[in-house]
Amino acid sequence: MSELSAESGVPIATIKYYLREGLLHPGEQTSATRAEYDATHLRRLRLIRALLEVGRLPVSAIKKVVEAVEDESLPVHTMLGTAHYALSPRVEPEATPEWDAALAEVDAFLAGLGWKVEPEAPARHELAHTVMRMRQLGHTPELAPYAAAAGRLVEEVEIDTIPYDGPRDAAVEALVLGTVLYGRAFDALRRLAHESTSARRLSGSS
């Protein structure tokens, strides 16, 4: 375990905690006080750290993702969906006509795009909540260009970074890092683009 700790950078006490919680599978017992750990344990520790430090998920949510990774009867799409849903913020539906209208608008928009989205997808409710707030503030949502950009990024860049044919841990880790870190990078780039465009268009104006 000391070697696993040194190689992974995870303290021994933390590794023992992951073992107790069932997040990390046991090593191969070679004696009463010694167990051997291999590359699968390093991959799992990388995944746990990605979910914890990048995804900022609680242990209970990490357990669900790990269970999906270990259940090889689950298709890769379902496994990745478990991670996606865990990473998404939870938005509770509201019992209001405005909410119903926003959700219907989102569903119609997604259908028009031809996107296959499950009814329980957290991002569906997140988008509906955003649409509802925009309309309450007097804004008309213009989602089409954002959907087009998102679709291109996923289809042409992000989806190909996930090693579907490799270890399941590695696939989920790539999804987490891509979804969270590139999402942050995209938001930062949009803000920088706003600053640059404003400076170019308004430079010299009073």
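Scope of the values below: all heavy atoms of this structure, side chains included, with no hydrogens, waters or symmetry mates.
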Is there a side-chain contact between Thr40 and Pro167 in this structure, where contact means two heavy atoms from C-beta onward sitting under 4.5 Å apart? no
One should read off an interatomic distance between Glu118 CD and Lys116 NZ, to the nearest 0.5 angstrom, of 10.5 Å
Derivation of the side-chain contact (heavy atoms from CB on, under 4.5 Å) call for Thr179 and His84: CA-CA 8 Å; Thr179 299; His84 249 311; 3.4 Å; yes
I need the minimum non-hydrogen distance between Ser88 and Pro122, along with the two atoms involved. CB-CB, 3.5 Å
Is there a path from Trp115 to Leu143 through hydrophobic residues (I, L, V, M, F, W, Y) whose side chains come within less than 4.5 Å of each other? yes
Spatial distance of atom CD (Glu36) from atom CG (Leu4) [nearest 0.5 Å]: 11.0 Å
Looking at every non-hydrogen atom in both residues, tell me the closest pair between Ala147 and Phe109 and how far apart they are. CB-CZ, 3.7 Å
Output for pair (Glu98 CD, His129 NE2), nearest 0.5 Å, gives 12.0 Å
Verify the neighbour count for atom CD of Glu195: are there more than 12 heavy atoms of other residues, nucleotides or ligands below 6.0 Å? no
Rounded distance [0.5 Å steps], CD1 in Ile159 versus CG in Leu80: 8.0 Å
Heavy-atom pair with the smallest gap, counting every atom of Pro26 and Leu19: CA-CD2, 3.9 Å
If we only count heavy atoms from C-beta on, is the Leu103 to Arg124 side-chain gap below 4.5 Å? yes
Donor-acceptor check, side chain of Thr197 to backbone of Ala193, threshold 3.5 angstrom: yes or no? yes
Heavy-atom neighbours of Gln136 CD exceed 12 at 6.0 Å: yes
Which heavy-atom pair separates Ile162 from Ala171 by the least distance, and what is that distance? CG2-O, 3.7 Å
Are Tyr18 and Val54 grouped together when hydrophobic residues (ILVMFWY) are joined by side-chain heavy atoms under 4.5 angstrom apart? yes
Do Arg44 and Val66 touch side chain to side chain, with heavy atoms closer than 4.5 Å? yes
Indicate yes or no: at least one non-hydrogen side-chain atom of Val10 is less than 4.5 angstrom from one of Ile48. no
Following the transitive rule for hydrophobic clusters with a side-chain heavy-atom cut-off under 4.5 Å over Ile, Leu, Val, Met, Phe, Trp and Tyr, establish whether Phe186 and Tyr146 coincide in one cluster. no
Mutual orientation of the aromatic rings belonging to His125 and Trp99 [parallel < 30°, tilted 30-60°, perpendicular > 60°]: perpendicular
Would Arg49 and Glu53 count as a salt bridge (charged side-chain N to carboxylate O under 4.0 Å, His left out) here? Give the steps. CA-CA 6 Å; Arg49 292 189 71 175; Glu53 298 172 10; 3.1 Å; yes
Ala174 to Pro163 - nearest heavy-atom pair and separation: CB-CD, 3.7 Å
Residues Arg168, Glu72: salt bridge by 4.0 Å N-O rule: no
What pair of heavy atoms forms the shortest contact from Val176 to Gly55, and how long is it? CG1-N, 4.3 Å
If we only count heavy atoms from C-beta on, is the Met1 to Lys16 side-chain gap below 4.5 Å? yes
With a 4.5 Å limit on heavy-atom distance, are the side chains of Glu28 and Asp38 in contact? no
Can you tell me how far CG of Leu45 sits from OH of Tyr37, rounded to the nearest 0.5 angstrom? 10.0 Å
So Thr140 and Arg135, do their side chains get closer than 4.5 Å, heavy atoms only? yes
Kindly indicate whether the side chain of Leu24, heavy atoms from C-beta on, has any atom under 4.5 Å from the side chain of His41. yes
Other residues, nucleotides and ligands only: do more than 12 of their heavy atoms fall within 6.0 Å of CD on Glu155? no
Has Arg56 got more than 12 heavy atoms of other residues, nucleotides or ligands less than 6.0 Å from its CZ? no
I need the Leu189 CG to Arg184 CZ distance, nearest 0.5 Å. 14.5 Å
Grouping I, L, V, M, F, W and Y whenever their side-chain heavy atoms are under 4.5 Å apart, do Leu177 and Val157 come out in a common cluster? no
Are Tyr85 and Ile62 linked, directly or through other ILVMFWY residues, by side chains that come within less than 4.5 angstrom of each other? no
